[in-house]
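Working notes for the structure below.
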Amino acid sequence: MADQKKFPPDDQQENEKELLSTISEISEGLNKLEKIVPDQSPQLDWFEYMIYSQKQQYRKRLVKELAVFLFIALFIVGGMLFTILEMPKLFLMLQGAVIVFIVLYGSIRIKKQVNM
Amino acid sequence: MDEKKLIDSAKKGDERAFAALFQENYPFLVKYLIKITMNSHIAEEIAQGTMAKCVEKIHLYNGNAKFSSWLISIATNLYIDQLRKQKHEQNWQKDESARRKLQWQLESRKEEWTDALTALGKLAPAARVSIVLKHYYGYSYDEIGRFLNISPGTVKSRVHHGLLTVRKELAADGGSEKISSRRPAGK
């Protein structure tokens, strides 16, 4: 296999030469393409406004995500408190089910790792 | 103010410093994007997306690489994400018309559209990005690998195969001879 990849030195030189000429043609084309873009940037105010509005959007998104997180957390804590106070049997059953699930899931994963 | 000071101020929330930093790097960023996207509209769009991302992530910039390199890595990843989201079939038609528009823009400035640009435009975007970063901007395979989250070996192979494809395309068009015969005298 390795022998198939070997080229005679002349061919290799020719190949390298052609690749270099391809690279220089690409660079030449890209240099021309650059000229489409003006060297001047928009005004500083434009950038400042863009940054300001971006920060506002980012803050809004953070507040929204925090609100969703708090709502879900309150829902879970509320549910837990309700079951502890009103239905302690159900709470204990749920706790037991979670422990059994963790033990089973953990042992299955360990078995899989050992078999691999 | 030099770039490092501007970055420090921007990290502290100084919007004026941030704006100055962007103003300085904007043409460079758009020029890079126009080369990899071959589409002036998408280049502008991604340049603005890059700046938006930069505002969010400036605290993660550690100053090891140049700020412009950091912008390039964000812009490249945004472009790749955008390509993944778009449908392949529609892409081809849009790319073709965008390239024609770019050609027209270039020719209206009395510059010639070369066969190498056509061949580069036909390449898969991943190969085009790697070639531009390696052979136009001079980044190493390791650096490009870090930008694109791929191994340096994959970058090397993309660059090599991309160049071979361009060379084949140029040979099929009678590329080299045509281009050199079309060059204006004196260049």
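FYI, side chains are in, hydrogens and waters are out, and symmetry mates aren't considered; it's all heavy atoms of this structure. Labels below follow one simple rule: chain letters A, B, ... track the order of the sequence lines, proteins then strands, and each chain is numbered from 1.
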B:Tyr26 vs A:Trp46 aromatic rings, parallel, tilted or perpendicular, using cut-offs 30° and 60°?
-> perpendicular
Enumerate by number any residue of residues 60-94 of chain A whose heavy atoms lie under 4.5 Å from heavy atoms of chain B; in the absence of such residues, state 'none'.
-> A:Arg61
Shortest non-hydrogen separation from A:Ser27 to B:Tyr136 and the atoms involved = O-CE1, 3.8 Å
Using non-hydrogen atoms and a 4.5 Å limit, figure out which bit of A:Gln57 sits close to chain B: side chain, backbone, both or neither.
-> neither
Scan residues 145-160 of chain B for pairs that pass salt bridge (Lys or Arg N to Asp or Glu O under 4.0 Å), counting only residues two or more places apart or in two chains.
-> none
So which part of A:Asn31 gets closer than 4.5 Å to some heavy atom of chain B, the side chain, the backbone, both or neither?
-> both
Heavy-atom pair count under 4.5 Å with chain B, highest-scoring of A:Leu19, A:Ile26, A:Leu30 | A:Leu30
Chain A: which of B:His135, B:Gln48, B:His160, B:Lys31 shares the most heavy-atom pairs with it under 4.5 Å?
-> B:Lys31
Specify which of B:Gln105, B:Glu56, B:Met38 makes the most heavy-atom pairs with chain A at under 4.5 Å.
-> B:Glu56
Side chain from CB out, backbone as N, CA, C, O: work out which of these in A:Tyr49 comes under 4.5 Å of a heavy atom of chain B, or both, or neither.
-> neither
Do other residues, nucleotides or ligands put more than 12 heavy atoms under 6.0 Å from the NZ atom of B:Lys66?
-> no
Counting heavy-atom pairs under 4.5 Å to chain A, which of B:Lys134, B:Met51, B:Gln103 comes out on top?
-> B:Met51
Specify the closest pair of heavy atoms between A:Pro38 and B:Pro27, including all atoms of both residues, with the distance to one decimal.
-> O-CB, 4.0 Å
Segment of B:Arg167 engaging chain A (4.5 angstrom heavy-atom cut-off) | both
